[in-house]
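The shown structure was predicted, so the numbers you read here are calculated from the model rather than taken from an experiment. In the text below, chain A, chain B and the rest are named by the order of the sequence lines, each starting its count at 1.
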There are 2 protein chains.
Amino acid sequence: MRASEVREAGATAEAGEAGRTAPRRSGGRSDAADTRCRIIEATAALLQRQGYESTSVKAIAGAANASPSSVYHFFPGGKQELAIEAMRHGAAEFGELIAEGLASSPDPAEATAACALLLADTLRESDWTDGCPVAVTALETVGRVPGLQEAATEALTHWRGLVAAKLRESGIEPAAARSLAGTVISMLEGAELLSRVGGDDTPLRDAAVHLAQLVRASPRG
Amino acid sequence: MRASEVREAGATAEAGEAGRTAPRRSGGRSDAADTRCRIIEATAALLQRQGYESTSVKAIAGAANASPSSVYHFFPGGKQELAIEAMRHGAAEFGELIAEGLASSPDPAEATAACALLLADTLRESDWTDGCPVAVTALETVGRVPGLQEAATEALTHWRGLVAAKLRESGIEPAAARSLAGTVISMLEGAELLSRVGGDDTPLRDAAVHLAQLVRASPRG
DNA sequence: GTCTATAACGGGATAGAC
DNA sequence: GTCTATCCCGTTATAGAC
């Protein structure tokens, strides 16, 4: 989900109370699957911005233009089940963003730097709200909501795999590629944290430079 | 605050209900300043582990062996005011940890790596609970609790300053030192996130290797 | 300064009509 | 499937006794 879409969804939910009570034309795209999808997307956006504890089921329902009981209808496991599914959804989209950055150049150093710059642009253009969809929720619930921790670990592993594949394609040794890819994800996560908290994308831009340096210096890079 | 102290404090609070209701001998160290201090330390420990939203005033009072109204007595601004002060407290201690790591070697590359390894040990030995005292709370409340965001920014800036000073001492050019120091903090934050979520200190250990590489390659390093 | 008690509110979750 | 209404609980914060 792009930042603009998130903002639109939020605005619609806030301003569109009339739309919720008014009968919806049945020829539209508002079938069950669509409602379920809206709930997941709204949850993903809220988790990305506020994390798990600050996001109420009521707020999710409001943002998705649905009633709280609809949420429990589609997700009998309640907030936890929904959050897990939403995290997977957000993680997949974030993975596409990383893949887009990696694909921007055949040179692995430039591609890695491009990832950091892409995150910097996305974050700044969203007024420092659209960061990693996993970080806040994962840190908040580590050791206390196993399903979320598992989903977060899968996401981080997947992203690392994307980077590692790019590094290996470029001739970097598999063991070095794996380790370096983990460091790339660590750096992106940390720099995004600093950029978001400070309201300044310098950390992500510096990360781009230093990541490129690291990749260039790696064996067979 | 060390991990062992945190655990002791928690255990005391849970098992020591009798101690709370029993009259305390007035010759002890339980004066007002001490109670206030216990509240701050308990809050810092809980913020570090669970973040802001998951930490209730009741839980803080329990962990500090005090009553909720004592909390409001010392911190009329309520949870926010207390959290800000606790974050500053935790940030100062974390700064000492970083300084300890930096002081462990005259070589800036080894010193930086030592920081990452020190965090890895601290985190693992605390069963992945004692991470950065700022990260969770800062991410959770970014854009919504300005005082906390400000305290977090101050902490991150301070830590970066510690690293930058070490780099400059070693002859690295000031501009490069500043930028590289920011990247060091980014990497530590990100690697700690990955280590904590994954329950595996490999990211922090890999970060140690790659940070040392970066510092060695920096101009005049 | 610390206690007990409670107000005021919002949270997650459920029941049953339609 | 979606709505309205509601239950129960935990939360922040305050009041007043001691």
Side-chain angles (χ1 to χ4, degrees), chain A residues 16-26 28-40 42-43 46-47 50-84 86 140-141 144-145 147-148, chain B residues 13 16-26 28-40 42-43 46-47 50-84 86 140-141 144-145 148:
Chain A
E17 295 293 332
R20 197 193 317 182
T21 50
R24 222 179 275 114
R25 43 183 208 286
S26 49
R29 286 264 296 104
S30 284
D31 52 4
D34 187 46
T35 298
R36 197 188 131 95
C37 183
R38 285 204 319 276
I39 291 173
I40 289 180
T43 306
L46 288 169
L47 288 185
Q50 328 180 11
Y52 184 77
E53 299 291 345
S54 305
T55 299
S56 71
V57 176
K58 258 172 214 177
I60 290 169
N65 202 19
S67 69
S69 60
S70 287
V71 173
Y72 288 99
H73 171 74
F74 289 109
F75 304 92
K79 190 180 169 180
Q80 286 196 15
E81 179 188 346
L82 172 53
I84 292 169
E140 255 185 311
T141 62
R144 296 184 303 145
V145 185
L148 275 174
Chain B
E17 294 295 332
R20 198 191 318 181
T21 50
R24 221 178 274 112
R25 44 183 207 286
S26 49
R29 286 265 295 106
S30 283
D31 52 4
D34 188 47
T35 298
R36 198 189 130 95
C37 183
R38 285 203 319 275
I39 291 173
I40 289 180
T43 306
L46 288 169
L47 287 185
Q50 329 181 10
Y52 184 76
E53 299 291 345
S54 304
T55 299
S56 70
V57 176
K58 206 180 277 187
I60 290 169
N65 201 20
S67 70
S69 60
S70 288
V71 173
Y72 288 100
H73 171 72
F74 289 108
F75 303 93
K79 192 179 166 179
Q80 286 197 15
E81 179 189 346
L82 171 54
I84 293 170
E140 254 185 312
T141 63
R144 297 184 303 142
V145 185
L148 275 175

Exercise for the section: Look only at the side chain of Glu140(B) and the backbone of Glu53(B), and say whether a donor-acceptor pair between them is shorter than 3.5 Å. Expected result: yes
Handout entry: Side-chain N or O of Ser67(A) closer than 4.0 Å to phosphate OP1/OP2 of dC3(D)
Key = yes
Problem - Inter-residue atom distance Ile40(B).CD1 - Phe74(B).CZ, 0.5 Å rounding - result: 10.0 Å
Problem - Interatomic distance, Ile60(A) atom CD1 to Arg38(A) atom CZ [nearest 0.5 angstrom] - result: 14.0 Å
Practice task
Rounded to the nearest angstrom, tell me the gap between atom CD1 in Ile60(B) and atom C1' in dT11(D).
Solution key: 12 Å
Exercise for the section: Output the residues of residues 71-81 of chain B in contact with DNA chain C, where contact means a heavy atom of the residue under 4.0 Å from an atom of the strand; sort by number or write none. Expected result: His73(B), Phe74(B)
Fill in the blank from the handout: Taken to the nearest whole Å, CD/Glu53(B) to P/dG10(D) is 18 Å
Problem - Nearest-0.5 Å distance, OG1 of residue Thr141(A) to CD1 of residue Ile84(A) - result: 9.0 Å
Practice task
Look at Thr35(A) and dT2(D) and indicate whether a side-chain polar atom (N or O) is within less than 4.0 Å of OP1 or OP2.
Solution key: yes
Problem - N/O donor-acceptor pair, side chain Ser69(A) with base dC3(D), under 3.5 angstrom - result: yes
Practice task
Measure the CG-CG distance between Leu82(A) and Leu47(A) for me, rounded to the nearest 0.5 Å.
Solution key: 7.5 Å
Fill in the blank from the handout: To the nearest angstrom, the OH-P distance between Tyr52(B) and dT11(D) comes to 14 Å
Practice task
Using a heavy-atom cut-off of under 4.0 Å over every strand shown, decide if Thr55(A) touches base, sugar-phosphate, or nothing.
Solution key: sugar-phosphate
Completion exercise
To the nearest 10 degrees, the angle between the two end axes of the helix from dG1(C)-dC18(D) to dC18(C)-dG1(D) (five pairs per end) comes to 0°
Exercise for the section: Find the distance Lys58(B):NZ to dG11(C):C1' and express it as a whole number of Å. Expected result: 14 Å
